[in-house]
Amino acid sequence: MFLTITTTGTSAAPATDLGFLLHKHPDRAQEFSTSYGTAHVFYPQASEQLCTAALLLEVDPVALVRRAKGKGRGGGTPDSTLAQYVNDRPYAASSLLSVALSAVFASALKGVCPARPERAAAPMPLRVEVPALPARGGVPLVRALFEPLGWTVTARPVPLDEEFPEWGASRYVALTLEGEQRLSDALRHLYVLLPVLDDAKHYWIAPDEVDKLLRAGEGWLAGHPEQQLITSRYLSHRWGLTRQAAERLALARLAETDDSATEEIDNAVEDGVPDAADEADAATTSPQAHATVPQTNATVTASQAHATAALTEEAAPPRPLAVLRREAIVATLRSHGAARVLDLGCGQGQLTQELLKDPRFTEVVGVDVSTRALAVAARRLRLDRLTERQAARVRLLQGSLAYTDARLKGYDAAVLSEVIEHVDPPRLPALEYAVFGAARPGTVIVTTPNVEYNVRWETLPAGHMRHGDHRFEWTREQFRAWARAVAERHGYEVGFAPVGEDDPEVGPPTQMAVFHATTHTADTRTGSTHTGSTHARSTRTEYTRTANTPTEKPRPENTRTGKEPAA
């Protein structure tokens with residue numbers, strides 16, 4: 001296997017700086033032992049104007065067979081025994097060359113160069129040549145993979161036999177890449193895409209391959225138009241690993257768009273001790289929570305009845321606010337006749353699970369930006385154990401409510417339970433438009449904490465919010481003003497209801513707004529007319545399923561839409 005990297009330079013920035021960037025001196029030929037043979041690094045030419053570094057990998061076929069243990073191309077199946085001895089592995093670039101690149105040029109892959117840090121951080125003219133590259137997909141796929149990365153691609157098909165041109169071309173190409181690239185980026189492109197084009201790996205694919213892919217693909221893979229093909233082939237078409245990689249790439253793209261750290265976005269699952277919000281949600285919220293045993297025996301004395309009632313009242317467990325909130329939401333959905341429901345910012349799936357208990361909800365879709373929260377929700381719902389009929393009623397989708405998403409259109413109702421307070425106020429209009437303007441369900445239910453009630457929580461310090469991730473907590477008047485403005489802008493009617501004990505002084509612990517779409521509304525952004533629903537059932541008959549591909553509009557909104565774990 002053979003690969004060369006060439007650059008040009010001037011007296012101020014000599015081409016021989018390539019030796020510093022690769023950490024390999026141009027005046028010496030060096031050998032490196034790899035798992036499958038010996039790698040040689042040498043420089044066919046090295047001057048101020050032109051410098052070429054070459055990587056030659058000599059494959060040890062015996063070591064390859066022993067280490068492969070039947071895995072990869074030419075494995076140990078009876079029909080492929082001969083392939084262990086007659087194959088292209090010593091000559092054609094493949095995953096073996098990627099392994100050699102990572103072993104020999106490890107520092108260069110990371111962009112580390114203490115001697116020339118400014119050269120490592122800046123693009124430079126590069127020419128990469130691979131004389132024999134297996135390409136399952138031919139020249140069009142080679143171009144589709146490298147051209148979006150800024151390379152000028154020359155891919156010449158290698159004939160099966162030059163003396164017999166009528167036999168046609170082989171699956172190999174002679175590849176030349178030219179462009180202005182950082183050396184670390186160029187090496188990472190090759191590290192990922194060489195085995196992708198070969199569509200084979202010569203070692204066992206373990207779960208840590210996802211981490212390797214994301215490290216090498218940082219900064220370019222998330223936005224690549226062939227991302228799905230790249231991840232699938234790189235991970236040897238292992239569906240579970242491919243899905244995991246796709247979810248993490250989607251999260252990275254959201255974080256990059258929002259100029260946030262990935263950990264800040266994927267925060268819907270808390271680690272550690274429950275905070276004041278958890279204790280508040282678990283507290284007693286209604287005098288109706290304390291039930292008494294009715295007197296059914298006429299011989300029981302009044303004092304005995306009183307004592308029994310008192311003991312029962314004392315022993316009855318308090319009803320958590322989270323439970324009351326879910327009950328209020330489910331009851332409202334039933335009263336509006338909703339059958340197909342979106343649980344937006346579903347978190348760990350408590351509400352989704354509650355909805356699935358009622359057969360009148362024929363389809364429930366949970367949406368959250370946090371992959372960790374969705375993983376917890378999947379375990380809670382036992383998705384892997386559901387029957388085919390049960391599984392058809394539920395879906396979990398990763399997505400940000402700061403962007404419009406075609407997958408969310410046409411549903412009877414949507415629920416934003418304890419979600420909006422996690423969004424920075426200047427970015428609420430993005431969520432508002434994505435839900436009320438673009439998705440436009442017939443009914444929208446929004447719940448949020450009532451900050452006036454916080455004085456009733458003994459465990460909540462004065463001046464603190466109920467959860468560390470809350471961006472705000474509104475008074476009743478502030479929430480109603482926001483809800484009425486949203487309804488007016490998007491053609492909804494809105495009503496309000498308390499959740500939990502409605503304190504005469506400070507109101508309920510949770511406030512709920514119920515939006516209902518009117519018939520005809522004008523889109524305040526486009527001027528077009530929407531036809532809404534006068535009843536949730538009518539939107540269901542007008543619905544046509546769209547493709548499961550989100551339509552994202554790059555807008556500077558926050559992507560934080562996960563909610564805190566409910567007690």
Side-chain angles (χ1 to χ4, degrees), residues 1-9 13-24 26 32 39-47 49-57 91-111 113 116 119-135 137-158 172-198 216-221 224 226 230 234:
M1 298 184 193
F2 191 63
L3 177 148
T4 62
I5 302 174
T6 302
T7 189
T8 57
T16 48
D17 280 352
L18 183 63
F20 286 101
L21 301 181
L22 292 174
H23 297 262
K24 304 294 179 287
F32 302 88
H40 304 266
V41 177
F42 57 94
Y43 290 76
Q45 50 189 347
S47 65
Q49 291 73 35
L50 193 67
C51 184
T52 299
L55 174 64
L56 173 67
L57 178 62
Y91 316 106
S94 65
S95 59
L96 296 178
L97 189 58
S98 289
V99 172
L101 279 172
S102 65
V104 176
F105 299 135
S107 297
L109 270 165
K110 298 174 184 176
C113 183
R116 297 288 191 276
R119 294 301 302 273
M124 58 193 302
L126 293 175
R127 178 185 175 93
V128 178
E129 296 180 84
V130 184
L133 174 64
V139 173
L141 181 59
V142 177
R143 294 187 180 278
L145 293 181
F146 284 103
E147 286 182 346
L149 301 174
W151 292 105
T152 299
V153 179
T154 302
R156 179 179 59 84
V158 176
Y172 304 93
V173 299
L175 175 65
T176 302
L177 304 174
E178 294 179 284
E180 291 272 341
Q181 300 273 359
R182 291 190 306 174
L183 180 63
S184 60
D185 291 340
L187 292 175
R188 290 189 294 123
H189 297 165
L190 294 169
Y191 175 79
V192 173
L193 297 180
L194 291 182
V196 167
L197 282 166
D198 189 20
E218 184 178 359
W220 62 270
L221 181 55
H224 198 290
E226 299 294 337
I230 293 171
Y234 185 89

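All of these numbers come straight from a predicted model, not from anything done at the bench. For this chain, numbers begin at 1 and follow the sequence in order.
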I'd like to check L197 versus V173 (side-chain heavy atoms, cut-off strictly below 4.5 Å). Are they in contact?
no
So L109 and R188, do their side chains get closer than 4.5 Å, heavy atoms only?
yes
Do the side-chain N and O atoms of E178 and T152 include a donor-acceptor pair separated by under 3.5 angstrom?
no
Between T176 and T154: side-chain donor-acceptor atoms closer than 3.5 Å
no
With rounding to the nearest 0.5 angstrom, report the [atom1] to [atom2] distance, [X] to [Y].
| X | Y | atom1 | atom2 | value |
| --- | --- | --- | --- | --- |
| D17 | T7 | CG | OG1 | 9.0 Å |
| L56 | T4 | CG | OG1 | 11.5 Å |
| L193 | Y234 | CG | OH | 10.5 Å |
| L187 | R182 | CG | CZ | 11.5 Å |
| L190 | L177 | CG | CG | 6.5 Å |
| Y172 | L133 | OH | CG | 10.0 Å |

Heavy-atom pair of closest approach, residues [X] and [Y]:
| X | Y | answer |
| --- | --- | --- |
| A155 | V142 | CB-CG1, 4.2 Å |
| V192 | A216 | CG2-CB, 3.5 Å |
| L126 | Q181 | CD1-O, 3.7 Å |
| A15 | C51 | O-CB, 3.4 Å |

On the 0 to 90° scale, with breaks at 30° and 60°, tag the W151-H189 ring pair as parallel, tilted or perpendicular.
perpendicular
Determine whether a donor-acceptor pair (N or O, by modelled atom type, separation under 3.5 Å) exists between the side chain of [X] and the backbone of [Y].
| X | Y | value |
| --- | --- | --- |
| K24 | A53 | no |
| S184 | K110 | no |
| S98 | Y191 | yes |
| H224 | P148 | no |
| R127 | I5 | no |

Please report the C-alpha distance between L149 and D185 in whole Å, then the side-chain angles of each, then the deciding distance to 0.1 Å, and finally whether the side-chain contact (heavy atoms from CB on, under 4.5 Å) criterion is met.
CA-CA 9 Å; L149 301 174; D185 291 340; over 6 Å; no
Audit row: L21, R116, side-chain contact (heavy atoms from CB on, under 4.5 Å) steps and yes/no
CA-CA 7 Å; L21 301 181; R116 297 288 191 276; 4.3 Å; yes
What verdict does the side-chain contact (heavy atoms from CB on, under 4.5 Å) test give for F32 and L57, after you've listed the backbone C-alpha separation in whole Å, the side-chain angles of each residue and the deciding distance to 0.1 Å?
CA-CA 9 Å; F32 302 88; L57 178 62; over 6 Å; no
Stepwise side-chain contact (heavy atoms from CB on, under 4.5 Å) test for L101 and L55
CA-CA 8 Å; L101 279 172; L55 174 64; 3.8 Å; yes
Is it the case that more than 12 heavy atoms not belonging to E218 sit under 6.0 Å from its CD atom?
no
